[in-house]
Amino acid sequence: MFDKEIEFSAHEDYFALKEDYPIPTKLNIPEWYKKLEHTMLNKTIKGCMPFLDTLTSGYLLKMPQDFHVRHNVDNKNEKGETFKDSFQTYGLCEYQQMLGAKFINLNSSIDTHSLRQLEGSPFVEKNKNLPFYKILNPWKIKTPKDYSCLFFPPLNNSDDRFSIIPAIVDTDNHPLEINFPIVINSDKYPTLETTIKKGTPYVQVIPFKRDSWKMILKPRKQKDIQNSKLFYGLKLLNIYKDKYWVKKSWK
């Protein structure tokens, strides 16, 4: 059986830098998870294969440069008028310095979505009614025919300061790079001054085949439910892993 291929391509000058390439998600397992022990007497989430799958499935995109954030912070313009900063970045990353003269849209590292584009959504309040900024991603993503990609913040391993707005893109057809609007986590940080470092993983990418589905609703007999509960009640350490889990391959 041949592996399906997902292709990440970037301008040759940027690609030659060999910096911040996309990586399989499994190469970014958090340290706290690695330190957990899972035994019969001390069962932890390290024995939960569904949780492990979230930490190892798909691929990660990394921040292409340092981003200095001043979110909901008082500032003054040249006229002395007070306004709220939402997001700022200082200096172009190396790939933008190289490409700025060649591609007019790469002379800035960010773009914006107006509040109107997300009016009424919970994202507006969470972002303190400030503009949504997009990270300009240098990588074009290509999947085989009939395959799309789901983009979302890294599952169970995301940065607590911000997150992208999740989306699905038909990457077998889409001809351009995909840029990612972000939301500042104002629930935790009502105001925030910080630097999101270059190389920080910020998007998890999972390709999937587009199939047509039909929902079916059906009752379950009490006997079937009881038998399932009895089976899972057995004192087995890795019952799901040993009997039901299917190992996935992400290279």
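Quick note: residue numbers are just sequence positions, from 1.
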*Excluding sequence neighbours, so at least two apart, what forms salt bridge (Lys or Arg N to Asp or Glu O under 4.0 Å) with Lys140?*
none
*asked:* According to a hydrophobic-cluster definition based on side-chain heavy atoms being under 4.5 Å apart (Ile, Leu, Val, Met, Phe, Trp, Tyr only), do Ile178 and Leu176 belong together?
replied: no
_Donor-acceptor contact below 3.5 Å, side chain Thr200 vs main chain Ile196_ = no
*Which pair of heavy atoms, one from Gly58 and one from Trp250, lies closest together, and at what distance?*
N-CD2, 3.2 Å
_Just so I know, are the side chains of Glu119 and Val124 near enough to count as touching, which here means a heavy-atom distance under 4.5 Å?_
no
*Does NZ in Lys4 sit with more than 12 non-hydrogen atoms of other residues, nucleotides or ligands closer than 6.0 Å?*
no
*asked:* Going by salt bridge (Lys or Arg N to Asp or Glu O under 4.0 Å), name the residues that satisfy it together with Lys197, two or more places apart in sequence or in a different chain.
replied: Asp66
*Hydrophobic cluster mates of Leu27, side-chain heavy atoms under 4.5 angstrom, ILVMFWY only, any path?*
Ile23, Leu60
*Sequence neighbours left out, what passes side chain to side chain donor-acceptor pair (under 3.5 Å) with Asn238? Give chain and number order.*
none
*Hey, what do you get for NZ (Lys248) to CE (Met49), rounding to the nearest 0.5 Å?*
7.5 Å
*Kindly indicate, with the supporting measurements, whether the criterion side chain to side chain contact (heavy atoms under 4.5 Å, CB included) is fulfilled by Ile164 and Tyr202.*
CA-CA 7 Å; Ile164 70 161; Tyr202 75 111; 3.8 Å; yes
*Where Gln204 and Leu155 come nearest, the two heavy atoms and their spacing*: OE1-N, 2.8 Å
_Checking Thr44 now: which residues fulfil side chain to side chain donor-acceptor pair (under 3.5 Å) with it, not counting sequence neighbours?_
none
*Taking only residues two or more places apart in sequence, or in another chain, which ones meet Thr143 in a side chain to side chain donor-acceptor pair (under 3.5 Å)?*
Thr171
*Say whether, by atom type as modelled, one donor and one acceptor occur between the side chain of Lys134 and the main chain of Asn179 under 3.5 angstrom.*
no
*Ser186: what forms a side-chain contact (heavy atoms from CB on, under 4.5 Å) with it, not counting sequence neighbours?*
His71, Lys128, Ile184
*Ion pair Lys142/Asp172, N-O distance below 4.0 Å*: no
*Is there a side-chain contact between Ile135 and Met63 (heavy atoms, below 4.5 Å)?*
yes
*Distance in Å, Glu177 CD paired with Phe8 CZ, rounded so as to fall on 0.5 Å steps*: 13.0 Å
*Note, Glu37 side chain near Lys46 side chain (heavy atom, < 4.5 Å)*: no
*Measuring from Gln117:CD to Ile165:CD1, what's the distance to the nearest 0.5 Å?*
9.5 Å
*State the CD1-SG distance between Ile206 and Cys149, to the nearest 0.5 angstrom.*
9.5 Å
*asked:* Can you list everything that forms a salt bridge (Lys or Arg N to Asp or Glu O under 4.0 Å) with Asp160? Sequence neighbours excluded, please.
replied: Lys188
_Lys62 versus Asp20, closest heavy-atom pair with distance_ = CD-CA, 4.1 Å
*If every non-hydrogen atom of Arg220 is compared with every non-hydrogen atom of Asp224, which pair is closest and at what distance?*
NH2-O, 3.8 Å
*Residues two or more places apart in sequence or in another chain: which of them pass side chain to side chain donor-acceptor pair (under 3.5 Å) with Asn129?*
none
*Should we count CD of Glu5 as having more than 12 external heavy atoms under 6.0 Å?*
no
_Criterion side chain to side chain contact (heavy atoms under 4.5 Å, CB included) on Ser148 and Phe208, from CA distance to verdict_ = CA-CA 6 Å; Ser148 300; Phe208 65 93; 3.8 Å; yes
_Determine whether a donor-acceptor pair (N or O, by modelled atom type, separation under 3.5 Å) exists between the side chain of Thr54 and the backbone of Phe51._
yes
*Side-chain (Tyr59) to main-chain (Lys251) donor-acceptor, under 3.5 angstrom*: yes
*Can you measure from CG (Leu52) to CG (Leu55) and round to the nearest 0.5 angstrom?*
6.0 Å
*What residue pairs, at least two apart or across chains, pass ring pair (Phe, Tyr, Trp, His ring centres under 6.0 Å) with a residue in residues 135-158?*
Tyr14-Trp139, Tyr21-Trp139, Phe151-Phe180
_Any side-chain to backbone donor/acceptor pair from Arg161 onto Thr195? Under 3.5 Å, distance only._
yes
*Output yes when a side-chain donor or acceptor of Asn72 lies under 3.5 Å from a complementary backbone atom of Pro190, and no otherwise.*
yes
*More than 12 heavy atoms of other residues, nucleotides or ligands under 6.0 Å from NZ of Lys241: is that the case?*
no
*Does the side chain of Thr56 reach to within under 4.5 Å of the side chain of Thr25, using non-hydrogen atoms?*
no
*Nearest heavy-atom pair of Asn127 and Pro131: which atoms, and what distance?*
ND2-O, 3.2 Å
_Please give the remaining members of the hydrophobic cluster of Met215, linking ILVMFWY side chains under 4.5 Å, ordered by chain and number._
Leu217
*Go through the structure and list residues passing salt bridge (Lys or Arg N to Asp or Glu O under 4.0 Å) with Lys34, not counting sequence neighbours.*
Glu31
*For residues Ala10 and Pro138, report the shortest heavy-atom separation together with the two atoms involved.*
CB-O, 3.6 Å
*When rounded to the nearest 0.5 angstrom, what distance separates CD1 in Ile168 from CG in Leu150?*
5.0 Å
*Determine whether Phe132 and Ile182 make a side-chain contact, defined as any pair of heavy atoms from C-beta on separated by less than 4.5 Å.*
no
